[in-house]
**Student:** 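Structure below; questions to follow.
All heavy atoms count here, side chains included; hydrogens, waters and symmetry mates do not.
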Amino acid sequence: MAFKAFTLEQVFEKLAASKERDKSSIQCVECYDRNVYIGTKDATVQHLFLTLGTHGDQSKTREGRARKLGSSSSVTQLRAVPLFNHLLVLWDRCVTALNMFSLEPVPALKKIQHVSLFELCESSLAAQAACVEMVTSSSRRKVIRIHAVGVDRWEVVKEVPLLQDPVALAVDGTSLCIATSDRYLLCDIQTGSTEELFPHQHSRQHAIVTSVGRGEFLLNGPGFLGMFVMKTGICQRPPLQWPQEVLAAGVCFPYILTLQPQMLSVYSMLDQQHKQTVSLSGAKGLISTSGKPGNIDSSTHAGRSYTSSLTNCVFCVLFKKTSPCLFQFVLIQSIILAPTNTLQTKNKSLLQDGALVFTERDVFCLSLVPFEEQIQALVGHEKVEEALLLLDGVQSHRPLESYKELQKAITCLAGFAHFYREDFSEARDLFIKGELDPREIIRLYPGMQLCLGEDFQSHLDQVNKGRDLQVLWQDDRNTFHHYLAFLGDFLRAVRGTEQGLKCSKEVDGALLRLYVELGDTENLLQLVDSPNECSLDQCVPVLEQHNRFFALGFLYESHGLQNDALKTWVKITDGFHKDSSCSDVYGHIVRTLSQLEDKDTVWAFADWTLQRNQEIGVQIFTKRPPDDQFETQNILTFLEKYPLALLSYLEFLIHDLNSEEERYHNRLAVAYVNQTLQEEEETKSDARETRGKLQQMLWDSEFYDISTVYDRVKSTTLHPEKAILLGRAGEHSTALQLLVHEEKDLQAAEVFCCRAAQGRGTHFRQVLLLNLLQIYLSSEALTGAAVDLLNSHPQLFALEKVIQLLPESWSVQLVSPFIVGSLRKTFHQRQMARVQKALAQAELLRHKVMWMQASQTKFRVGKEQKCSVCQRNLVGPQFVRNLQGELMHTSCTGYSAS
């Protein structure tokens, strides 16, 4: 069945005419409430009163009074003025005022002659003055007149000249749109300014101007286009493509009605599409009844009130598979009408929203179908987007009480249409906009119904929608995968919003099952690792069945079951559970324990953690937040059986926590010694890394007890470490003897001298090297080392002291590099001293010059000038002047200052 925006009903039919030409044919029509006025060809005005049927019966018309105005000329226009009970009639180029009910002439209002067209207009100024404005076109002059019409008077208040005679006109407020024989014009009634719009080539009969309202007009433009023009002269709507022979056009928002001799066409102003065709043989004209002055309140949509909510709407969605990815979508929607005065509201609405269409002998009422029924019909024809467009467009002009509920319901249905066409992006947006309960989508998927609670009652038909997706799951896994991806996208979009919080447990449970099904490890772990509402009873079996034990641990953790989470991860590490989704479960356990506030749980898993890896496991203590540390002594006691972990923890105390406790430094040094000896014994090689740490600590730390550490190493072969301890004790000569004779590492001995002298000046380093030289000279086997030491560091030895130590048997040639280097050093030092002295003298002289230049005061010193301190004469050229201006000898300045 085709969509209907309007229904047609005959309200009046003239009796059959005689064989002679019918001189009483209908020429024009006007209406107000249930009053219809007919103007005929034989100058008669007929009053009709509509008596509307009950219980679905057709409307009936009762003929009222009739008034014959004259013997000739047709009645060309009728306009009702309910404010004054006037009916204005244009007949014989005159405007006459009749009483609306008695059709008697109004005596106080004389005829306005020489009028070709007239229209009434609403004006705020006219309303304040209790009058109505009327615009007339003169039949003799090219002029428009504006009249103020009162209950017993009318008068011309303004004239606007025109270049051409109007053939049609329409008024909206202070704006007047005029059609002449070849163009359309806009005219401002207040200012009298005129603006040309565009030319046309229509005949007088087809030049159409109609007010759309809100300062907008509809014109029959060139190229058979219905043009919407604002009072500013611009177009804000696309034009309508309508038929060629349009006799009249009317507006009944949101529709445009166009009349042709044999039919009436209905177009939508929202999408400019043709909606309906009504057959009418011999149609002559139409008049819109929407929003006419005096009619019933136009804010009540068609006089009919509806209540609708999601509980009042029943949706039946049936799916029929036609291809692997195509479904037919059928909707049946019932809206429960409010049981309040239904008949009365229907009677009131007959002439309010729609139009009157007339032929020579008949009058038809074109009534607007209630918008709720139109929307329901569009949805039933699977035109869901069109229904949404109509709903939104109507709401801005005539608010519907059930708008929000209707919009949500239809938006969701539109989403289903896109959903089954695999237009997933649009479907998601529509489901969100329509606030669809996410459970309605979840239940469509096979296996997902287990996530829904027993108390959930679907607003969709109880047919198992999962059957179709089940078939798709079996026959076309690729397409079904796209549907699963949509489900995840939609649930993620609504999760955490008001729409999703109403059923957060079902949403999170469905997401978990979905991620497991898709193998989406990243999103699965992100879900269970964050606060969630997953039901343990439903989700734990799913994760266990698919070997997702790592995610299971997170799920336990998010529900406060930290002990169960750790036990699950331990079983993965120990090989009791198989889960390839994470390669470093042990590292995750350590990180978790290091952040865990429950210290009892940490101690419960500490042994297992350190038994598996001491160096990593100790991080459960060392990586804890600074304000959540365990008792240090308890940790040290616990780590006694884990030497590597103990070593790492002691390093953490000293290097990270900057502990200055002597016992910790002693213990770390001893731990380094033990570890070094153990590594050398096990690998039969030098433990370079640990020894390096030990030596660095012995050099740098100031908080360990030297004797305690020395007692531990004195019986070992760790000679460099002994030497460092002896050096820290001040026994540098003994340390050097140990390095040279026991360790037999001459380079280490030289490095010891440099390291021990750091921060103590060059002189101390010279003393240490001189001691080393004496050790070398005491052994003939070390003569070469002594020569090399001298020749490589000539600048560090005093020549006079070395000469005294050298054996007499040594030749000058043997130590010539040392002697030359030492002499060069001495000569260089002297020269540098001279240069420095010269520079200092130059600097002093420069300051004296600056002082002299800065002092611009002249002093006269006579032969008898005396020093202010010693009172003796100033006989030399040097003298000093104090701040008081007194002169004194330079040698007396100290006495003066005191």
Side-chain angles (χ1 to χ4, degrees), residues 27-28 30 39 41 43 45 69-70 72-79 81 86-98 105-106 108-123 125-126 129 131-150 152-211 217 219-220 229 231 233 248 285:
Q27 299 297 308
C28 59
E30 173 65 325
K41 189 176 181 180
V45 177
L69 302 178
S72 62
S73 296
S74 303
V75 177
T76 55
Q77 276 186 273
L78 294 171
R79 293 293 181 266
V81 186
H86 291 346
L87 178 66
L88 304 184
V89 183
L90 178 58
W91 163 76
D92 196 21
R93 297 190 179 273
C94 296
V95 176
T96 302
L98 305 179
V106 179
L109 299 179
K110 297 182 179 181
K111 293 181 181 180
I112 301 177
Q113 297 183 348
H114 311 299
V115 177
S116 59
L117 297 169
F118 82 97
E119 281 294 345
L120 300 178
C121 61
E122 298 178 1
S123 170
L125 295 176
C131 63
V132 175
E133 284 190 351
M134 178 176 64
V135 179
T136 64
S137 171
S138 174
S139 61
R140 287 190 172 185
R141 298 171 54 197
K142 297 176 181 178
V143 66
I144 292 291
R145 294 189 177 94
I146 294 88
H147 303 259
V149 181
D152 56 0
R153 63 182 177 83
W154 51 25
E155 60 182 349
V156 177
V157 296
K158 195 165 195 176
E159 287 190 356
V160 179
L162 298 175
L163 297 178
Q164 292 180 303
D165 291 327
V167 297
L169 60 85
V171 188
D172 189 278
T174 61
S175 298
L176 177 65
C177 190
I178 300 171
T180 67
S181 58
D182 60 356
R183 69 194 64 196
Y184 290 101
L185 306 173
L186 272 178
C187 181
D188 190 302
I189 295 176
Q190 290 182 341
T191 64
S193 61
T194 303
E195 176 185 357
E196 182 176 342
L197 294 177
F198 47 81
H200 69 83
Q201 297 179 346
H202 300 305
S203 63
R204 183 184 186 91
Q205 185 180 13
H206 296 98
I208 299 173
V209 181
T210 301
S211 174
F217 299 95
L219 315 177
N220 189 7
V229 180
K231 63 182 180 181

**Student:** Apply the test side chain to side chain contact (heavy atoms under 4.5 Å, CB included) to residues L219 and F198: give CA-CA distance (whole Å), side-chain angles for both, the deciding distance (0.1 Å), then the verdict.
**Tutor:** CA-CA 10 Å; L219 315 177; F198 47 81; 3.7 Å; yes
**Student:** Write down the atom of R204, the atom of P166, and the distance for their closest heavy-atom approach.
**Tutor:** NH2-O, 4.3 Å
**Student:** I would like to know whether V115 and R93 meet side chain to side chain contact (heavy atoms under 4.5 Å, CB included); could you show each step before the answer?
**Tutor:** CA-CA 5 Å; V115 177; R93 297 190 179 273; 5.8 Å; no
**Student:** If I take atom CD1 from residue I146 and atom OG1 from residue T136, how far apart are they, to the nearest 0.5 angstrom?
**Tutor:**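 That separation rounds to 8.0 Å.
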**Student:** Please report the C-alpha distance between V171 and L176 in whole Å, then the side-chain angles of each, then the deciding distance to 0.1 Å, and finally whether the side chain to side chain contact (heavy atoms under 4.5 Å, CB included) criterion is met.
**Tutor:** CA-CA 5 Å; V171 188; L176 177 65; 3.5 Å; yes
**Student:** Taking atom CD of E30 and atom CD of Q77, what is their separation to the nearest 0.5 Å?
**Tutor:**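 One finds 10.0 Å between CD of E30 and CD of Q77.
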**Student:** If you take all heavy atoms of F217 and S211, which pair is closest and at what distance?
**Tutor:**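 Minimum heavy-atom separation between F217 and S211: CD2-CA, 3.9 Å.
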**Student:** Could you point out which residue of H200, H206, Q201 forms a side chain to side chain donor-acceptor pair (under 3.5 Å) with S203?
**Tutor:**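 Single side chain to side chain donor-acceptor pair (under 3.5 Å) partner of S203 among H200, H206, Q201: H206.
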**Student:** Of the non-hydrogen atoms in V106 and L98, which two are nearest, and what is the gap between them?
**Tutor:**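 Here V106 and L98 meet closest at CG2-C, 4.0 Å.
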**Student:** Given 3.5 Å as the limit, does a donor-acceptor pair link the side chain of S116 with the main chain of S137, or not?
**Tutor:** yes
**Student:** Got a second to check how far T210's OG1 is from D172's CG, nearest 0.5 Å?
**Tutor:** 11.5 Å
**Student:** Check the pair I144, I178 against side chain to side chain contact (heavy atoms under 4.5 Å, CB included), reporting the backbone distance first and the verdict last.
**Tutor:** CA-CA 10 Å; I144 292 291; I178 300 171; 4.2 Å; yes
**Student:** Taking all heavy atoms of C177 and all of L197, pick out the closest pair and write down the distance.
**Tutor:** SG-CD1, 4.3 Å
**Student:** Identify the heavy atoms of V157 and A148 that sit nearest to each other, and give their distance.
**Tutor:** CG1-CB, 3.9 Å
**Student:** What's the separation between atom CE in M134 and atom CG in L88, rounded to the nearest 0.5 Å?
**Tutor:** 6.0 Å
**Student:** Give a yes or no answer on whether the side chain of W154 reaches the backbone of K111 with a donor-acceptor pair at less than 3.5 Å.
**Tutor:** no
**Student:** Kindly list each side-chain donor-acceptor pair under 3.5 angstrom involving residues 179-187, sequence neighbours excluded, with atom names and distances?
**Tutor:**
residue	atom	partner	partner atom	Å
T180	OG1	Q164	OE1	2.9
T180	OG1	D182	OD1	3.4
T180	OG1	R183	N	3.3
T180	OG1	R183	O	3.1
D182	OD1	Q164	NE2	3.3
R183	NH1	E196	OE1	3.2
R183	NH1	E196	OE2	3.4
Y184	OH	N220	O	2.7

**Student:** Using every non-hydrogen atom in the two residues, find where V135 and C121 come nearest and quote the distance to one decimal.
**Tutor:**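 V135 and C121 have their closest heavy atoms at CG2-SG, 4.4 Å.
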**Student:** Would you give the length of the straight line joining atom CG of D92 to atom CG of L69, rounded to the nearest 0.5 angstrom?
**Tutor:** 9.5 Å
**Student:** Under the salt bridge (charged side-chain N to carboxylate O under 4.0 Å, His left out) rule, collect the residues that match up with R141, sequence neighbours excluded.
**Tutor:**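 R141 satisfies salt bridge (charged side-chain N to carboxylate O under 4.0 Å, His left out) with E159 only.
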**Student:** Roughly how far, to the nearest 0.5 Å, is the CD atom of E133 from the CD1 atom of I189?
**Tutor:**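 Answer rounded to 0.5 Å: 6.0 Å.
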**Student:** Of all residues at least two apart in sequence or in a different chain, which pass the side-chain hydrogen bond (donor to acceptor under 3.5 Å, both in side chains) check with S74?
**Tutor:**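 Scan of S74 (side-chain hydrogen bond (donor to acceptor under 3.5 Å, both in side chains), adjacent residues dropped) gives none.
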